[in-house]
Amino acid sequence: MIQITLPDGSVKEFDQAQVTPLEVAKSLSNSLPKKAVAAKVDGEVCDLTKPIDKDAAVAILTFDDEEGKEVFRHSTSHVMAQAVQRLWPGTKIAIGPAIDNGFYYDFDSDHTFVPEDLEKIEKEMKKIVKEGAVFERREVPRDEAIAFFKERNEPYKVELIEDLPEGEAISFYQDGEYVDLCAGPHLPKTSAIKAVKLMSIAGAYWRGDEKNKMLQRIYGTSFPKQQELDDYLNLLEEAKRRDHRKLGKELGLFSFVDEAPGFPIFHPKGMILRNELEKYWREEHEKAGYSEIRTPLIMSRTLWERSGHWDHYHDNMYFTEIDEQPYAIKPMNCPGGILLYNESLHSYRELPLRWAELGLVHRHELSGALHGLMRVRAFTQDDAHIFMREDQIIDELIGVMNLVDRMYSKFGFSYNVELSTRPEDSMGSDELWEKATDGLRSALAAVGKDYTLNPGDGAFYGPKIDFHLKDSLGRTWQCGTIQLDFQMPEKFDMAYIGEDGEKHRPVMVHRTVFGSIERFIGILTEHFAGAFPSWMAPVQAMIIPITSDQAAYADELAASLKEKGVRVEVDHRSEKMGYKIREATVQKIPYMLVVGAKEAENGTVSLRSYKNGDEGVKNFDDFAVALCEEIANRSM
């Protein structure tokens, strides 16, 4: 008898020597076996046909699970490689993993792939899917595996096998005539793949090393239903429409130039948006008890050696020399805050000290990784560092999480929380790391936040909580972070005088809310598709006189709004009214005030809003009061 423990804690008994996950799925419902793509047995993802011969915890994975998606799309990559080898015999295969939202496979072929080939490959893939071949796994001895792929002239597979540790199991997966070196798991059959779209072609060095041969990489995605694929492709089109790089140029917010790759240029309208964001940030931080500081942009190498950045972050830093001494441009703000703390001896009564800094940092990113405002080489971190006693840790962490929640809610963002633990490349004792991790866990429990664990992805000096916010397209972005740090206070011999008159070591929190001002502006631009709420909009109202006879009235209204602090413009161009309205709409200006002879006579405006279109004739003074209230409340 075998006892299978299901995710809900219930137990199913099978009166047999062994059972497969597929049989478990069939025992649970009629529909689950059709949706199942793989299983998780005692925490390990495996094929649905893998025998289970002892009591185990089993979860049936579907496409709705992230691990299920990975199995589904990795299986699709095999089908694509099979189609490519059918169409272009002699093509050598490298690797073909699942990635976020899809998969790819790298090929070494005499044929140069062009976009028109993608349709041919898709057509052949559909034939393979229709054939419904079973994905069969078998394990083979190392020598046999090498001989097999040498005979098939697959040098990349041979190299992969030779690099595997001695004694490691080597497995093949076969569907139809296609055989691949693969650890798996895979779908039961190719026929489960109902919808495929090949997206693009790119070059990729074998194993990512530019010293190796350049291969051809084909990207694609797949789904179990055509409607899901259609929805995904529509989402991609909407994402293109909202691309912050495109909108930034069209709306005159920011730009990028070849002379400064990775260093954005903010235009006057972009600076208005940025300044409004920073103004809101400052107000919220003042309410939360923070004081703002500014620390040096360039500091000596000895500081970065002492902080650990020289050993752990050297490759991402920029360097210079001053008075024949080595200096570095700061990639992080924390050492500057520590220097300020150490300028004087603090009492336990002063703690916690909450110091916030909109600090410009520079980090070297590879040119291929740069992406608009989302990945740059110079950006402003909305940083803060909190210096506190150990007994204040939980309260301070809760305070930060409440601040994050309040500020994200202002923009309508929901978010997920992730706890990242000690990485391999870290410094400090196990005891301090465990204490820091326990502190973060306790604070999350205190506020009742659900979170996922991300093992080994903490900062080199401490574990962290990351906030992944969700935008209007359902995409997630890592923005805010909280890092609990016992290491830097040790490194810099930080102290405070306790109630007992003795020196004690403070604890430090590093945290951001927006993460990077630049990146957050990029996210907001795409989230709102450039149609910012009135309080952030560079131009909040556009007044459009129908003829030059209303020019004076339009200017009078503009002056009145400007006195109230509204950013307003008047379109005096000798263009048709419809053209002016379209221009203001393209610029996504929240409000358009069209004024003709009747409006000038009655003190009214014909109001159009970007959100609602024509809103009819309004009393100007009433509109002005409502707009000022909307801006003051930062209404969304």
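Checked against side chain to side chain contact (heavy atoms under 4.5 Å, CB included), Ser307 has the following partners two or more places apart in sequence or in another chain: Trp304, His309, Pro335, Met488, Phe492. Scanning for salt bridge (charged side-chain N to carboxylate O under 4.0 Å, His left out) contacts around Arg475 gives Asp471, Glu526, with sequence neighbours left out. Partners of Ala202 by side chain to side chain contact (heavy atoms under 4.5 Å, CB included), not counting sequence neighbours, listed by chain and number: Tyr219. Looking at residues two or more places apart in sequence or on another chain, you find no salt bridge (charged side-chain N to carboxylate O under 4.0 Å, His left out) involving Asp209. By the side chain to side chain contact (heavy atoms under 4.5 Å, CB included) test, Lys194 is found to be paired with no residue, residues two or more places apart in sequence or in another chain being considered. Legend: residues meeting ring pair (Phe, Tyr, Trp, His ring centres under 6.0 Å) with His267, ordered by chain and number and at least two apart, are absent. For Lys40, the side-chain hydrogen bond (donor to acceptor under 3.5 Å, both in side chains) partners are Glu67, not counting sequence neighbours. Contacts of Arg282 classified as salt bridge (charged side-chain N to carboxylate O under 4.0 Å, His left out), with partners at least two apart in sequence or in another chain: Glu278, Glu292. The side chain to side chain contact (heavy atoms under 4.5 Å, CB included) test applied to His111 returns Trp88, Ser109, Phe113, Asp117, not counting sequence neighbours. When the side-chain hydrogen bond (donor to acceptor under 3.5 Å, both in side chains) test is applied to Glu122, no partner is found at least two apart in sequence or on another chain. The salt bridge (charged side-chain N to carboxylate O under 4.0 Å, His left out) search around Glu237 returns Lys240, not counting sequence neighbours.
The minimum heavy-atom distance linking Glu284 with Arg406 is given by the pair OE1-NE, 2.9 Å.
With Arg73 contributing its side chain and Thr221 its backbone, the two residues share no donor-acceptor pair below 3.5 Å. Without hydrogens or angle criteria, Lys69 side chain to Phe63 main chain gives a donor-acceptor distance under 3.5 Å. Formation of a donor-acceptor pair under 3.5 Å by the Lys410 side chain with backbone atoms of Arg634 is found in this model.
Partner of Phe411 under the ring pair (Phe, Tyr, Trp, His ring centres under 6.0 Å) criterion, chosen from Trp281, Phe532, Phe520: Phe520.
Judged as a ring-ring contact (aromatic ring centres under 6.0 Å, His included), the pairs with a partner in residues 465-491 (not counting sequence neighbours) are, in order, Tyr415-Phe467.
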